[in-house]
Amino acid sequence: MDSNLFRELAALSTEGVLDASRELDTLSTLEVVRLMNGEDRRLASAVEACLPEIARVADAAAASFARGGRLVYVGAGTSGRLGVLDAAECPPTFGTDPAEVVGIIAGGRESMFRAQEGAEDDADAGRVAIDDARVSSADTVVGIAASRRTPWVRAALIRAREIGAFTALVTCNPGPVGDAADDPDVVVAPDTGPEVLSGSTRLKAGSAQKMCLNMISTAAMVRRGKTYGNLMVDLRPGSAKLVQRSRRIVMQVTGAEYKEAERLLAAAGGRVKIALVMALRGVDAAEAERRLAAAGGFVRRAIS
């Protein structure tokens, strides 16, 4: 069994040795960071090769939101932390309910702050995590595993698929995931190759995975009407910076002066979308809210 695992891991590109960094410990600090920067520049092309798959996952997530489902990230170690991070950023950026985009990490909340490397090997716990999260057929479940073989993640995806959820895997090792019957609906696999520090997938693999998750959640939210042009019109102004950003967005879109933008937002209860429709259609907050509801939350439709 151990020899099989040894061979399996040795075959992974993310476990390989990068020729360019074989003498890493002899380089100057500037040479080390220059080498890392050069390797990082390859990531955009690796992710570009996966754009059709990324778009499929984003569309699936948008469809889940439309039917009352969720986007659920599942991962272990660095991959799990990236999923939790992306989920945590959605409420302030897009005004979503924290329950709509969820990050689940092997080992639980403590794994966010202290590594629990053995947690990734517990396949049974991966299945239990899906059940505990009450995943349903309305959800989109995205596994994140640089190696593509992480037992906890694979078991979680298999369980989610049994339930009927749309499933996807974000990995940095292209190739078969497992038994064909257990394959996720979509595999996003940017080929990032060996790491500068061999096996340290928090580096290139982690950066590429973060890029993929950025695209999945952002594109899904665009499809959901959370933006107007390239402006985040459903943001929650929970800080002084975001309060000023809300005013700036109203000013940019409507041409209003600062004080007028402030008045509109006050009348709209701080909701940028409502303020925009009020200003652009000359209606009160109640009518703006009605128009937005009829337009499915899309500002562009509500003002047309």
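Values below: all heavy atoms of this structure, side chains included; hydrogens, waters and symmetry mates excluded.
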More than 12 heavy atoms of other groups within 6.0 Å of [X] [atom1]:
X: R109; atom1: CZ; answer: no
X: R223; atom1: CZ; answer: no
X: R202; atom1: CZ; answer: no
X: R22; atom1: CZ; answer: yes

Can a salt bridge be assigned to the pair R56 and E53 using a cut-off of 4.0 Å between side-chain N and carboxylate O?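 Salt bridge: no.
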Output yes when E31 and R34 qualify as a salt bridge under the 4.0 Å nitrogen-oxygen rule, no when they do not. no
Would a 4.5 Å heavy-atom cut-off, applied to side chains only, mark [X] and [Y] as touching?
X: R224; Y: T96; answer: yes
X: L169; Y: V153; answer: yes
X: V47; Y: M215; answer: yes
X: I130; Y: V74; answer: yes

[X] side-chain N/O to [Y] backbone N/O, donor-acceptor pair under 3.5 Å:
X: T171; Y: A146; result: yes
X: D97; Y: A99; result: yes
X: S64; Y: A138; result: yes
X: S21; Y: V196; result: yes
X: T140; Y: L71; result: no
X: D139; Y: S136; result: yes
X: S111; Y: A106; result: yes
X: N173; Y: S13; result: yes

Apply side-chain contact (heavy atoms from CB on, under 4.5 Å) to residues L35 and L24 and explain how you reach the verdict. CA-CA 9 Å; L35 174 59; L24 187 66; 4.2 Å; yes
Looking at [atom1] of [X] and [atom2] of [Y], how far apart are the two atoms once the value is rounded to the nearest 0.5 Å?
X: M278; Y: R291; atom1: CE; atom2: CZ; answer: 12.5 Å
X: L203; Y: T78; atom1: CG; atom2: OG1; answer: 8.5 Å
X: T254; Y: E260; atom1: OG1; atom2: CD; answer: 7.5 Å
X: S147; Y: E120; atom1: OG; atom2: CD; answer: 6.5 Å
X: M211; Y: E48; atom1: CE; atom2: CD; answer: 9.5 Å

Closest approach of [X] and [Y], non-hydrogen atoms and distance?
X: V141; Y: L157; answer: O-CD2, 3.8 Å
X: A119; Y: W152; answer: O-CD1, 3.7 Å
X: C90; Y: M221; answer: SG-CE, 4.3 Å
X: L30; Y: V33; answer: O-CG2, 3.3 Å
X: S79; Y: I144; answer: CB-O, 3.2 Å
X: R154; Y: R149; answer: CD-O, 3.5 Å

Report the C-alpha distance between R281 and E287 in whole Å, list the side-chain angles of each, state the deciding distance to 0.1 Å, and finish with yes or no for salt bridge (charged side-chain N to carboxylate O under 4.0 Å, His left out). CA-CA 10 Å; R281 297 302 297 172; E287 175 61 13; over 6 Å; no
If the test is side-chain hydrogen bond (donor to acceptor under 3.5 Å, both in side chains), which one of E195, Q209, E39 qualifies with K204?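 When E195, Q209, E39 are each tested with K204, the side-chain hydrogen bond (donor to acceptor under 3.5 Å, both in side chains) holds only for E39.
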Out of curiosity, does L235 fall in the hydrophobic cluster containing L292 (side-chain heavy atoms, cut-off under 4.5 Å, transitive links)?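 L292 and L235: one cluster.
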Does V186 share a hydrophobic cluster with L51, counting links as ILVMFWY side-chain heavy atoms below 4.5 Å and allowing steps through other members? yes
